Engineer: 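Here you go, one structure.
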Amino acid sequence: MERVSRRAVPRPRAVLAVLLLLGLVSTLLLDGFLRSEVGGDQRVRSGAASNNVPESVLDGGPFLSFRDGKAHSESVPDKTIVLTFDDGPDPEWTEQVLDVLDDNDVPGTFFLVGSMIARHPDVVREMVADGDEVGIHTFTHVDLSYQSTARVTREIAQTQLALAGAAGITTNLFRAPYSSTPDAVDDYSWPVYEKLGAMGYTSVFIDTDSEDWKTPGVDAIVRGATPASGKGASVLFHDSGGDRSQTLKALPAYIKKMKAAGYTFTTVSGAQQQAAQASGTAAPAPPGGSAVASDPAQAAHHTADTASVWEGRGLLLAVAVAEWTVPALATLLGVVGVAVLGRFGLMVLLAGRHYRRRNRRRFSWGPEVTRPVSVVVPAYNEKECIAGTLTSLAASTHPIEIIVVDDGSTDGTAEIAESLGLPQVRVVRQENAGKSAALNNGVRAARHDLVVMMDGDTVFEPDTVRLLVQPFADPRVGAVAGNAKVGNRSTLIGAWQHIEYVMGFNLDRRMYDLLGCMPTIPGAIGAFRREAVLQVGGMSEDTLAEDTDITIALHRAGHRVVYAEHARAWTEAPASFGQLWRQRYRWSYGTMQALWKHRRSVTDRGPSGRFGRIGMPLVVLFQILTPLLAPLIDVFTLYAMLFVDFTGSLLAWLAVLGVQLACAAYAFRLDREKCRYLLMLPLQQLAYRQMMYLVLMHSALTALTGGRLRWQKLKRTGAVGVPGAPGAPDASGAAGASTEAG
């Protein structure tokens, strides 16, 4: 109730909350890109013509390079085998392949997928250290023949960065995914090879295919990899992409067979060096940088510049974060999903039991409570609403006194209250000190032992006070929560809040009531034993959620807190998103303050311990942790719709929406509300709920960073009138219920 802060929403923390969501989205997209789930069509298309491909390439050898702008094909020298391996590195299979090569003193040329390099850089460092050669196999194993020029460049550059980050080198060797022998080059793929050739890359094809990817058996793999007698060959094996156990069995047998036939083994660079020496020409130079080593088997490697190394290490770090984060978030998502569905189930089960118990014909709190009640109305600049509030109270069927505590209003609120001439009304003026001080002042001024507290923008039905105080017939009851209703529900934002009040707040209160751990008596409508309030020190100014604070304090003092669902109050909900943000920000932050203040109740004994071990965990789980983590559901669902399985993900989202709709319909039935507002529920899930996530994240960041927040005075219009009066909210369907819970 203090004056509104000029800066109602601390922008840096709001920006940080948005950045957290963006970071989550970026992590998901990176992980999807690594798994080739993001980035377009990966299918191989066949049947294209090769009219634009030079005959010398189609009929040439497996090594295609471009010197002086012209295509040059080179063959593997006779009696020479170039062992090439695709699709790695793989931490399981590549390591074993390297062991086989090392045991047989044979080098290999490995065409690496950039995303796999980023995941397993240690394996790359090992193969380079062992003297094996590496080449590029794109970053996501996509068919480049049908990709844009920008995509081709990006695939190559990202793979080079990953290689630089992993081993400090780059390479001039390239093999296109799904490529085979040179005569398979077509008019779609030829421009890609031309472009890469102009960049200094040698494209490597094959002469023979072991077809180990078909897993045909060890003997078949050896036969498939064997070239024509005496001919040299670039031979294809795989060290990743599936179960490579047959490859590992066939490889030693193949090496032994070829050595016995007088063959030698080398790398692509080694074969190029031999061909160059035989023809008296120079081998292709690497594209930029300086060659790494004197070893001809690694002539395709060159040292990466410092900037590329650090940029590559940054890529590896980002990948490592994604690799660990996404599975963890997926697990967390499962926990959140179970918690959300568990909450729905628990609410429906306990709310139904609460409804049946409280609406039995013989249910009674005890002898009817007829003694007078003090109603405290704290007011700060409520000129638009105060007359309607007091007029509704004056129509009460229960004897009351009305204490208006004017908290230093500057708009004539106190004068309006006095001008109404209502005999039950007393106006108490104080300097502006906040809502808690106003309520405490009202409690001290009260003449009766039962005190009802309400907001200055709220109206009561005639029977509200009578129904609200009946639970005090039970001497164990120290406070009663009423049923707060949204009065201005005719607008879209009002309808969304109406759904939230009925489903989220009131259904929750039925559950908490049955469990004996009601966490909050709403500021719009609550009743207290005056002595109980004084016993716990009155309304505290320690938190912004004085209603939650006092409720927990009463629990800890041994008082029972219950819910009177038939005692209704009509309140004016925020009419704009800015006001809604400020209100919910204060609620969320204040609730966190109250829970932290009463954290010791978790280890207390007696009534305090009961709330601490039952109510506190439920509030933390259902009102803080689950909503904080709930955006994971939306983000993962959107990700799955866009990049994995649109139909399946949409059906899953609709199934969850159906569960929510069923729970909401049940809540509306219990509260005897018209279900037409539920038509707004899907849109609420798409827009309104996202805002609530950001508000809660904002509040959590404020709490974690030790920020302070003052009371926010919301702008009122006075649009909520007495139910049944002209211009009042539609209370049909509820009036009959107000007389049932005597």
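Small disclaimer: the values here were computed from a predicted structure and weren't measured.
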Engineer: Would a 4.5 Å heavy-atom cut-off, applied to side chains only, mark Pro574 and Gln497 as touching?
Structural biologist: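 A side-chain contact exists here, since the closest heavy-atom pair is under 4.5 Å.
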
Engineer: Would you check if Asp406 and Glu382 make a side-chain contact, meaning some heavy-atom pair closer than 4.5 Å?
Structural biologist: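 Not in contact.
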
Engineer: Are any of the side-chain nitrogens in Asp671 or Arg510 under 4.0 Å away from the carboxylate oxygens of its partner?
Structural biologist: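 Salt bridge flag = yes for Arg510 with Asp671.
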
Engineer: Walk me through whether Gln684 and Glu500 qualify under side-chain contact (heavy atoms from CB on, under 4.5 Å).
Structural biologist: CA-CA 9 Å; Gln684 184 200 46; Glu500 183 183 26; 4.3 Å; yes

Engineer: Any side-chain heavy atom of Asn506 within less than 4.5 Å of one from Tyr563?
Structural biologist: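 Yes, their side chains come closer than 4.5 Å.
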
Engineer: Do you know which two heavy atoms are closest between Arg426 and Ala445, and how far apart they sit?
Structural biologist: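 That would be NH2-O, 2.8 Å.
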
Engineer: I need the full list of ring pair (Phe, Tyr, Trp, His ring centres under 6.0 Å) pairs touching residues 464-500, with sequence neighbours left out, sorted by first then second residue.
Structural biologist: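 Counting only pairs at least two positions apart or across chains, the ring pair (Phe, Tyr, Trp, His ring centres under 6.0 Å) contacts touching residues 464-500 are Trp496-Tyr688, His498-Phe668, His498-Tyr677.
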
Engineer: With a 4.5 Å cut-off on side-chain heavy atoms, are Glu572 and Cys385 touching?
Structural biologist: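 A side-chain contact exists here, since the closest heavy-atom pair is under 4.5 Å.
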
Engineer: Rounded to the nearest 0.5 Å, how far apart are OG1 of Thr389 and CE of Met454?
Structural biologist: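 Nearest 0.5 Å value for the OG1-CE distance: 5.0 Å.
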
Engineer: Salt bridge or not for Glu461 and Lys485, using N-O below 4.0 Å?
Structural biologist: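 Looking at Lys485 together with Glu461, the answer is no, because their closest N to O distance does not fall below 4.0 Å.
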
Engineer: Any heavy-atom pair between the side chains of Phe505 and Thr520 that's under 4.5 Å?
Structural biologist: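 SC-SC contact between Thr520 and Phe505 ruled out.
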
Engineer: Drop me the distance from Leu439's CG to Ser540's OG, to the nearest 0.5 angstrom.
Structural biologist: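 Going from CG on Leu439 over to OG on Ser540, the span is 12.0 Å.
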
Engineer: For Val562, does its backbone N or O pair with a side-chain atom of Asp513 as donor and acceptor, under 3.5 Å?
Structural biologist: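 No; zero donor-acceptor contacts below 3.5 Å.
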
Engineer: Checking Arg357 now: which residues fulfil side-chain contact (heavy atoms from CB on, under 4.5 Å) with it, not counting sequence neighbours?
Structural biologist: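 Only Arg353, Arg360, Leu514 meet the side-chain contact (heavy atoms from CB on, under 4.5 Å) criterion with Arg357.
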
Engineer: Between Asn381 and Thr410 (side chain of the first, backbone of the second, donor and acceptor by atom type, cut-off under 3.5 Å), is there such a pair?
Structural biologist: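 Between the backbone of Thr410 and the side chain of Asn381 there is a qualifying donor-acceptor contact (under 3.5 Å).
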
Engineer: With side chains defined as the heavy atoms from C-beta onward, is the minimum distance between Met616 and Leu595 less than 4.5 Å?
Structural biologist: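 Yes, close enough: below the 4.5 Å cut-off.
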
Engineer: With a 3.5 Å distance limit and no angle check, can you tell me whether Asn440 reaches the backbone of Ser436 through a side-chain donor-acceptor pair?
Structural biologist: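 Looks like yes, one N/O pair under 3.5 Å.
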
Engineer: About how many Å separate SG of Cys675 and CG of Leu681, when rounded to the nearest 0.5 Å?
Structural biologist: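 If we round to the nearest 0.5 Å, Leu681:CG and Cys675:SG are 11.0 Å apart.
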
Engineer: Does anything in residues 417-439 form a ring pair (Phe, Tyr, Trp, His ring centres under 6.0 Å)? List the pairs, not counting sequence neighbours.
Structural biologist: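 As it turns out, there is no ring pair (Phe, Tyr, Trp, His ring centres under 6.0 Å) pair with a partner in residues 417-439 once direct neighbours are skipped.
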
Engineer: Can you tell me if CZ on Arg613 sees more than 12 non-hydrogen neighbours from other groups inside 6.0 Å?
Structural biologist: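 Count over threshold, so yes.
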
Engineer: Over all heavy atoms of both residues, which pair between Gly612 and Ser601 is shortest? Give the atoms and the distance, please.
Structural biologist: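 Between these two residues, the closest heavy atoms are CA-OG, 3.3 Å.
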
Engineer: Taking ring pair (Phe, Tyr, Trp, His ring centres under 6.0 Å) as the cut-off, I'd like each qualifying pair that reaches into residues 532-561, sequence neighbours left out, listed once.
Structural biologist: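 Of all non-adjacent pairs touching residues 532-561, those that pass ring pair (Phe, Tyr, Trp, His ring centres under 6.0 Å) are His555-Phe611.
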
Engineer: Under a 3.5 Å distance rule, please check whether Glu546 uses its side chain to pair with a backbone N or O of Glu541 as donor and acceptor.
Structural biologist: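 The answer is no, because no donor-acceptor pair under 3.5 Å joins these two groups.
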
Engineer: Return the OG1 to CG distance between Thr571 and Asp455, rounded to the nearest 0.5 Å.
Structural biologist: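 These two atoms lie 6.0 Å from each other.
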
Engineer: Look at the side chain of Arg358 and the backbone N and O of Phe363, then say whether any donor-acceptor pair between them is shorter than 3.5 Å.
Structural biologist: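 Judged by distance alone, no pair lies under 3.5 Å.
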
Engineer: Quick check for you: to the nearest 0.5 Å, what is the distance between Asp411 atom CG and Ile416 atom CD1?
Structural biologist: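 Reported to 0.5 Å precision, the distance equals 6.5 Å.
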
Engineer: Quick one: closest heavy-atom pair of Ile493 and Phe577, and the distance?
Structural biologist: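 Closest approach of Ile493 to Phe577: CD1-N, 3.8 Å.
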
Engineer: Look at the side chain of Glu401 and the backbone N and O of Arg447, then say whether any donor-acceptor pair between them is shorter than 3.5 Å.
Structural biologist: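 At least one qualifying donor-acceptor pair exists.
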
Engineer: Take His354 and Met511 through the side-chain contact (heavy atoms from CB on, under 4.5 Å) test and state the conclusion after the steps.
Structural biologist: CA-CA 7 Å; His354 180 275; Met511 176 184 71; over 6 Å; no

Engineer: Side chains of Thr397 and Asp463: any donor to acceptor distance under 3.5 Å?
Structural biologist: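 On atom types as modelled, these side chains qualify, holding a pair under 3.5 Å.
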
Engineer: Could you pull out the closest heavy-atom pair between Thr370 and Pro399, with the gap in Å?
Structural biologist: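 Scanning both residues, the minimum pair turns out to be O-CG, 3.5 Å.
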
Engineer: By the side-chain hydrogen bond (donor to acceptor under 3.5 Å, both in side chains) test, which pairs, at least two apart or in different chains, include something from residues 339-352?
Structural biologist: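 Every pair satisfying side-chain hydrogen bond (donor to acceptor under 3.5 Å, both in side chains) with a residue in residues 339-352: Arg343-Asp508.
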
Engineer: If we ignore hydrogens and angles and just use 3.5 Å, is the side chain of Arg599 paired with the main-chain N or O of Trp596 as donor and acceptor?
Structural biologist: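 Looks like yes, one N/O pair under 3.5 Å.
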
Engineer: Please determine whether side-chain contact (heavy atoms from CB on, under 4.5 Å) holds for the pair Thr458 and Ile525, giving the CA-CA distance in whole Å, both sets of side-chain angles, and the decisive distance to 0.1 Å.
Structural biologist: CA-CA 8 Å; Thr458 303; Ile525 176 170; 5.8 Å; no

Engineer: Should the pair Glu415-Arg429 be classified as a salt bridge under the 4.0 Å nitrogen-to-oxygen rule?
Structural biologist: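 A salt bridge is present here (some side-chain N lies under 4.0 Å from a carboxylate O).
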
Engineer: Are the side chains of Leu341 and Val659 in contact, using a 4.5 Å heavy-atom criterion?
Structural biologist: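 The answer is yes; the side chains approach within 4.5 Å.
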
Engineer: Show the nearest heavy-atom pair for residues Gly482 and Pro522, with the distance to one decimal.
Structural biologist: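 Scanning both residues, the minimum pair turns out to be O-CG, 3.8 Å.
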
Engineer: Once you round to the nearest 0.5 Å, how far does CZ of Arg600 lie from OG of Ser608?
Structural biologist: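 The distance works out to 11.5 Å.
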
Engineer: What closest approach, in Å, do Ile624 and Met592 show between heavy atoms, and which atom pair accounts for it?
Structural biologist: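 For Ile624 versus Met592, the nearest heavy atoms are CD1-CG, 3.9 Å.
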
Engineer: Can you list everything that forms a side-chain contact (heavy atoms from CB on, under 4.5 Å) with Ala662? Sequence neighbours excluded, please.
Structural biologist: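 Expected list: none.
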
Engineer: Would you say the side chains of Asp604 and His598 form a donor-acceptor pair under 3.5 Å?
Structural biologist: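 Side chains of Asp604 and His598: no pair found under 3.5 Å.
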
Engineer: Would you check if Leu393 and Gln424 make a side-chain contact, meaning some heavy-atom pair closer than 4.5 Å?
Structural biologist: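 With C-beta onward as the side chain, the pair stays apart.
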
Engineer: Tell me if a side-chain donor or acceptor on Arg530 pairs with a main-chain N or O of Val443 at a distance below 3.5 Å.
Structural biologist: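 Yes; judged by distance alone, with no hydrogens or angles, the pair exists.
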
Engineer: For the backbone of Gly434 and the side chain of Asp407, can you confirm whether one donor and one acceptor N or O come within less than 3.5 Å of each other?
Structural biologist: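 Side chain of Asp407 to backbone of Gly434: a pair is present.
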
Engineer: Dump the intermediate steps for side-chain contact (heavy atoms from CB on, under 4.5 Å) on Val536 and Ile550, then the final yes or no.
Structural biologist: CA-CA 8 Å; Val536 298; Ile550 188 71; 3.4 Å; yes

Engineer: Okay, side chain of Thr413, backbone of Tyr380: is any donor-acceptor separation there less than 3.5 Å?
Structural biologist: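 Side chain of Thr413 to backbone of Tyr380, a donor-acceptor pair under 3.5 Å: no, none is there.
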
